[in-house]
Amino acid sequence: MTSINRRRRIEVLADEPLISAIVRIAADIGIQHYTLLPTLGGAGSHGRWRDDQLSGATAKVMFLAVTGDDHAQAFADRLAPLLESHHMMLMLSDVDVVRGSRFA
Amino acid sequence: MTSINRRRRIEVLADEPLISAIVRIAADIGIQHYTLLPTLGGAGSHGRWRDDQLSGATAKVMFLAVTGDDHAQAFADRLAPLLESHHMMLMLSDVDVVRGSRFA
Amino acid sequence: MTSINRRRRIEVLADEPLISAIVRIAADIGIQHYTLLPTLGGAGSHGRWRDDQLSGATAKVMFLAVTGDDHAQAFADRLAPLLESHHMMLMLSDVDVVRGSRFA
Amino acid sequence: MALDALLQPVVLFFLLGAGAAFARSDLAIPEAVAKGISLYLMMSIGLRGGGEVAETGLTHDMLLAGGAGLALSFLLPLPAFWLLRTAGKLDRTNAAAVAAHYGSVSVVTFATGSELLRQAGMAPAGYMVGVLALMETPAIITGLLLARAKANDNLASRGGMLHETFLNGSVILLLGSFLIGMIDGKEGLVAVAPVFDVPFRGMLCIFLLDMGLIAARRLLDRRALTLRTAALALVLPLLNGTLGVVLGVELGLDAGSAAALGILAGSASYIAVPAVMRLALPAADPGLYLGMSLAVTFPFNLTIGIAYYGWLSAHLLPILAP
Amino acid sequence: MALDALLQPVVLFFLLGAGAAFARSDLAIPEAVAKGISLYLMMSIGLRGGGEVAETGLTHDMLLAGGAGLALSFLLPLPAFWLLRTAGKLDRTNAAAVAAHYGSVSVVTFATGSELLRQAGMAPAGYMVGVLALMETPAIITGLLLARAKANDNLASRGGMLHETFLNGSVILLLGSFLIGMIDGKEGLVAVAPVFDVPFRGMLCIFLLDMGLIAARRLLDRRALTLRTAALALVLPLLNGTLGVVLGVELGLDAGSAAALGILAGSASYIAVPAVMRLALPAADPGLYLGMSLAVTFPFNLTIGIAYYGWLSAHLLPILAP
Amino acid sequence: MALDALLQPVVLFFLLGAGAAFARSDLAIPEAVAKGISLYLMMSIGLRGGGEVAETGLTHDMLLAGGAGLALSFLLPLPAFWLLRTAGKLDRTNAAAVAAHYGSVSVVTFATGSELLRQAGMAPAGYMVGVLALMETPAIITGLLLARAKANDNLASRGGMLHETFLNGSVILLLGSFLIGMIDGKEGLVAVAPVFDVPFRGMLCIFLLDMGLIAARRLLDRRALTLRTAALALVLPLLNGTLGVVLGVELGLDAGSAAALGILAGSASYIAVPAVMRLALPAADPGLYLGMSLAVTFPFNLTIGIAYYGWLSAHLLPILAP
Ligand SMILES: Nc1ncnc2c1ncn2[C@@H]1O[C@H](COP(=O)(O)O)[C@@H](O)[C@H]1O
Ligand SMILES: Nc1ncnc2c1ncn2[C@@H]1O[C@H](COP(=O)(O)O)[C@@H](O)[C@H]1O
Ligand SMILES: Nc1ncnc2c1ncn2[C@@H]1O[C@H](COP(=O)(O)O)[C@@H](O)[C@H]1O
Ligand code: NA
Ligand code: NA
Ligand code: NA
C-alpha cells in the first residue's frame, strides 16, 4: 500500500496583478512549487466581478500550493495582514499526498 | 501567530444556466460571497460532456463558497432535493481561514 | 436534516496528453465519474510552465473524482509509481457528499 | 442545387469535422473562438439584413413574413408535441421540451441556407433576418405551457427564467445588429463590410467545422437517443420545413424568402432554447433534445433539408403563388 | 460631425452593448476574444502609424507633439489630483490613483477618435500613435509620487512594479508595431494590410460592443461611485481635452492632430494604469478608478467628447494657430 | 533574399515577441486565440495547396516529392539519433524523442518559408502541402523504434497512443482542407478566399508574435538545454535542410519546391510530436525536446535557415538538376 502523508493545502484567491508578488512571497518562505488556476467571477464585500475586465486588474486567479505545516503557517502569517487591504481570500486545508518529502 | 478558524467549504458543480439560481438560493440563506470556477469536461451518470457546447446549456461551472456550519447545512438541505433532478454535484469539506468573522 | 457521507476527493494534476490514460486507469478501478478542471500555469521540480504551449504537450489539467476509501486507495496505489516519471501531482482529501451511494 | 450544395466548402468542412469526430481524433476548436465566431455570424447576419431592409423600406411582404414566422414558432410545437408523445413515446416534459426546440430556429442553418440559396440565385430578402429573430422565442412559451411547468419550481423561479428567454444574448445581438443595419443602411456599412460582409462565408466554414465535431461527438454519445426519436428528428424538419415553404409561397413571398421560411420552420434551436430548458424544465433530458436537434436535425438540414426546401419553393411557386 | 458620429456603426455597437447590459441580458464576448481583438487593435494602430511616419520622415511637428504628450501625461495628474481632493473629497491615495488614470490614455478612445476624425476629413498624422505610446506611463509616476507610495510596501516591492509599468504588454506591442511599421513602410505593409488595415473599423465595432457591456455592467455595480466623483469623471476629460487641443493648435499641429492630442489628454486609462495601481496602491479602490474611467469617462468621450475635441480644434485653428 | 527576409513583417513580429519575452514583459496572446490562429493556418495552407493541385492534376513531380518526403521523415531520425547519442551525450530515450522531432516538420516554418519564397519569386508548388502532411508522423514511428519503447508501458497503452499519432487534430485538419481544396478547385474557393487566402500573411504575423514570446520564454527557462544540445539544435536543421534541398533538386523539382523540401526536412515539430512523446516516452524530458525544437531550431530556421535553403536551391539547380 502506498504510504501517504498529511500536508497543508494553501489556496489564495487574488487579483491577477498581485499573483507574481504572492509567488515571490511564497518562494521567500521556501514554497517553491505551486499551481495557478483560473476563475470566472464572484462576489465579495467589494462587490461582484466577472473575468471580462479589459485590464485584468480585477480578474482573479487562484494560487494553490501544497506544503508542510510550518511553511503553511509562515505563509499565512506573512499574508494575513495583507488580506483585507488587497481583497484576497486565503484558505488552508488538509490534504494527503504520496512522496511526502517533496512537500516539506 | 495568525489566528485561524475552521469553516465549511461548499462546492457545487452545476450546468451554467443553473448558476444564477444557485447564487440566489445561497443569498437567500445568507451566503452572499462566492467564487465561480471554470471546468473543461467530465463524465457522470448522465454521460460524458465537454465544454464545447454551443449553447452552454450543458457546460458546467463550479460554485465555491466558504461559510459557517449552519449556513452550510442550510444550503445543503436546500439543494439536496434538487441534486438528482438537476444533475448537480455538491461537496462539503473543512477549510481553515483567517478573519473568521467574514465567513459566518 | 440532509444525511451526509464522508468520501475521498482525488485530484491529479497531469499533462494534458496523459489525461485520457488517467481516465481509463480510473475506469479500470471502478471510478467512472470525474470532472476535469483547467489550469493557468505553475512551477515544480521540472521548472515553470504556462498554459500557452502550442502543442499542449506540457499544459496541465486537473482531474477530480470523488469516491470511496477503497477506490481512492486503489487509485493511489496504481498511480503512485507513475507520479515521478510522468511529472504528476496527486492529492487526496476528505469531502462530504449527499447521496453517498453514488460515490462508492 | 442538391449535389452542388453538398460540395460547397461550408458543407465539406462540416463533413470534415464530423469525420474527424467519428474517427475519434482530438481535433477541437477552442470554445472561446467558436463562441466568438457565433457572435460574429449573428452580427453579420443582422447588419446585412438590416442594411437591405433600409434599402427596400417597410413592405407588405415583410409584415406577412413576420406574422407567418411568429405564428409558426408559436404553433409548430403543437403537432410536434403530439408526434413526440405518440410516435416518440416520450413523457409530457420531454415531449414539450423537444417540441419547443423544433418551433424555434437555428441561426447557423439559416445562415448556411441563405448562402446556398444565394449561390443558386435565390437569395432570400433581407427582412428574413428579422423573421429569424422573431421566431427564436415564441416556441419556448408554447413548450412551457405544454409541459405545464409550475412557476414555483425551485430553481427556475429564482434563476430569472424570463430573462433567459427574452433577453438571451443571441436574440439581442441579432436584433440589435439588424437595427444598426437599418439605421446605417448599405452605404453606412461600407466601412465595416470588410469584416461583416466579405469574410462571412469563410467564417461560416470554420464554424461548421466545429459544428461537425460537436454534432458527431454528441451522436457517438447518444445514450438518450432511441430509434424512434432519431427518426422523428428527421421527420419533424421535413414536415415543418414543408409547411414553412408552402405558407411562404401562399403568402406571395419570392422563391428565396419562401425557401428561407421553410429553413427556419424546419430548423431546430440548439443555443437559446436548451439554455432555457435546463433551467425551466430540468427534468427534461438535455441528451435527448440536444441529441435530436444538434446531432440529427442539424446535419440533415445542412446536407439535404436546405436543398429540398429550396427545390420545393422553386417548384411550388409557379403552381401555388397567389 | 456630432450627430453623424453618434450614428456610426462603431458607436451604435457600443450603445447596443450598453443597452444589453442595462437590460441585464447575458450577452458576453469571450474574454480571450476580447483580449485578442485588443491586441489586434494595438498592432494595427502601431503599424499604420509607423507606416505613415516612414513616409513623412522625422519632422519638427513630430517632436513638438511628442514633447507635448510627455508633458501632458506628467502634469495632467496635478490639477486632477487637486480637484479630486477638494471637489471630489477623496483621500490622498484614491485621489492619486484616479489622477494617474486621467493623465494616461485610452487606446480605444484614440482609435475610435482617429476613425471618426478620418471620416470627417480630419485624419490625425501618423506620428500621433507614437505620442499615444509616450503618454501611457508618465502619469503613473506622477500618481505614485502624489500618493507618497512607500517603496517598502509588502507586495509592490516584490511584484516587480516597475516592470508592470514600463514593460506593460500593451505599451510594448504598440511601440513595437509602430517600429515595424517604420521599418517596412507603407509598401512593405501592403501584404499584411488585409489584416491590419482594411478590417480595422469592423474589429473596432466588435470591441466596442464588448466595451459597452463592460462599462454598463460596471455602472450598474457602481458601489464606489458618488455623485461627486461621477461628475468629476465628466469634468476631467472636458478640461484635459480642451487643454490638449489648445496646446496642439498653439504648437502648430494640423487640426486632426491637435484634435487627437485633445482626445489623448481627455481620455483615461483602463488597461495599463489599473493593473499597476492594484499592485502599487492596493488601498485605492478599483471600483472607483475603473468606475470613473471605464463607466463614465469612456462613454462620454465616445459619444460627446471626441466630437467636441474635433469641433474645438477645427474652430480654434484659424484663430490661434501660430 | 537573406536580409530582405529578415525585414519582412512576419519575421519582425517574431523578433518583437522574442524581445518582449526577453525583457520579461507580460505581453501574452490568449491561448484560445493562438490555438484558433494555428487551426486557421492549417485550413488555409491545406485549401490553397489543394486548390493548386486541382489545377495541375496529378503529376510525376508530385509522386516523387511525396516519396522523398516520406523517406526523409522515416530516415532523418537515424543520423540525428546517432549525433544526439555521441555528440549530444543523451541517453537512448531522450535521443530517440529528440530525433523524432527533427524527422517530423513544423507547419509554421513551412508556412513562413512558402511566403518568403513566394516574395522572392520562388513559390513552391501546391502539392508541397501534401508532402508536409505526409511528413508529420513517420518520424514518430522511427523515434519509438529507436527508443525501444515497450508497448505494455502503463499509460501509453491506455492512452490510445496510436490515435494521438495518426489522428492528431492538426494532421487531420491539414489533410482534410487539402482534400476540400482539391474537390472545390480554385474557382470553388473564390467565395472563401477573403478568409483563407487574402489575410494569410497578416494572421501569420500575429501567430509569429506569439511564437516569439513562447520560444524566448522557453529559452529563458532553459534548464534542460546544454551547450551541446543547443549546438545540435543548430546543426541538425542545417544538415537535414541541406539534404532536403539536394534531394529535391536531384529529383528534378523546381527551385521553390526543392527549397520547400529543404525547409520541411530542416524544420522540427513542436505540436504533434511532443504530444505523442509525453504519452509514449514520458521519461524523455519535454524541456529538452521543446527547448531544442521550439527555442533554438525554430528561430534559427525563421531568421537564417529559410533564406539559406532558398539560396542553396536556387544555386544548386543549374548545377545538379537532372
Ligand atoms: N507542492 C506543490 N503545490 C502545488 N502545485 C505543485 C506542487 N508541486 C508540484 N506542483 C504542480 O505540479 C507540476 C509538476 O510538478 P513537478 O513534477 O515537480 O515539476 C508543477 O509544475 C506544479 O504545477
Ligand atoms: N466566503 C467566500 N466564499 C467564496 N469566495 C469568497 C468568499 N469571500 C470572498 N470570496 C472571493 O474573494 C473575492 C474578494 O473578496 P472581498 O475582498 O470580500 O470582495 C470575492 O469577490 C470572491 O470571489
Ligand atoms: N464522483 C464524481 N467525481 C467527480 N465528478 C463527478 C462525480 N460524479 C459526478 N461528477 C460530475 O458531475 C457531473 C454530473 O453528474 P451526473 O448527474 O452523475 O451526470 C458529471 O458529468 C461530472 O462532471
Ligand atoms: Na423550427
Ligand atoms: Na488623459
Ligand atoms: Na524535419
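For the numbers below, each heavy atom of this structure counts, side chains included, while hydrogens, waters and symmetry mates do not. Below, read A as the first sequence line, B as the second, and so on, with proteins coming before strands; counting in each chain starts at 1. Since this is a predicted model, take the numbers as computed values, not measurements.
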Check whether the ring centres of E/Tyr40 and E/Phe207 lie less than 6.0 Å apart, and answer yes or no.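 So the answer is no for these two rings.
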Roughly how far, to the nearest 0.5 Å, is the OG atom of E/Ser170 from the CG atom of E/Leu39?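 The OG atom of E/Ser170 is 8.5 Å from CG of E/Leu39, to the nearest 0.5 Å.
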If you apply the rule side-chain contact (heavy atoms from CB on, under 4.5 Å), what do you find for E/Leu41 with E/Phe110, and how did you get there? CA-CA 11 Å; E/Leu41 295 177; E/Phe110 175 80; over 6 Å; no
Let me know if [X] has heavy atoms under 4.5 Å from chain E in its side chain, its backbone, both or neither.
X	answer
F/Phe13	both
F/Ala34	neither
F/Leu16	side chain
F/Leu209	side chain

Taking the six-membered ring for Trp, are E/Tyr289 and E/His101 parallel (under 30°), tilted (30 to 60°) or perpendicular (over 60°)?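 Parallel, since the angle between the ring planes stays under 30°.
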Heavy-atom cut-off 4.5 Å, strictly under: side chain, backbone, both or neither for E/Leu179 against chain F?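 Neither part.
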What part of E/Ile183 lies closer than 4.5 angstrom to a heavy atom of chain F: side chain, backbone, both or neither?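 E/Ile183 touches chain F through side-chain heavy atoms alone.
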Please lay out, stage by stage, how E/Ser106 and E/Tyr270 fare under the test side-chain hydrogen bond (donor to acceptor under 3.5 Å, both in side chains). CA-CA 7 Å; E/Ser106 149; E/Tyr270 46 79; 3.3 Å; yes
Between E/Val192, E/Leu189, E/Val198, E/Asp184, the one whose heavy-atom pairs under 4.5 Å with chain F are most numerous: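 Answer, by heavy-atom pair count under 4.5 Å with chain F: E/Asp184.
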Taking 4.0 angstrom as the limit, do F/Glu55 and F/Arg48 come out as a salt bridge?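 Salt bridge absent between F/Glu55 and F/Arg48.
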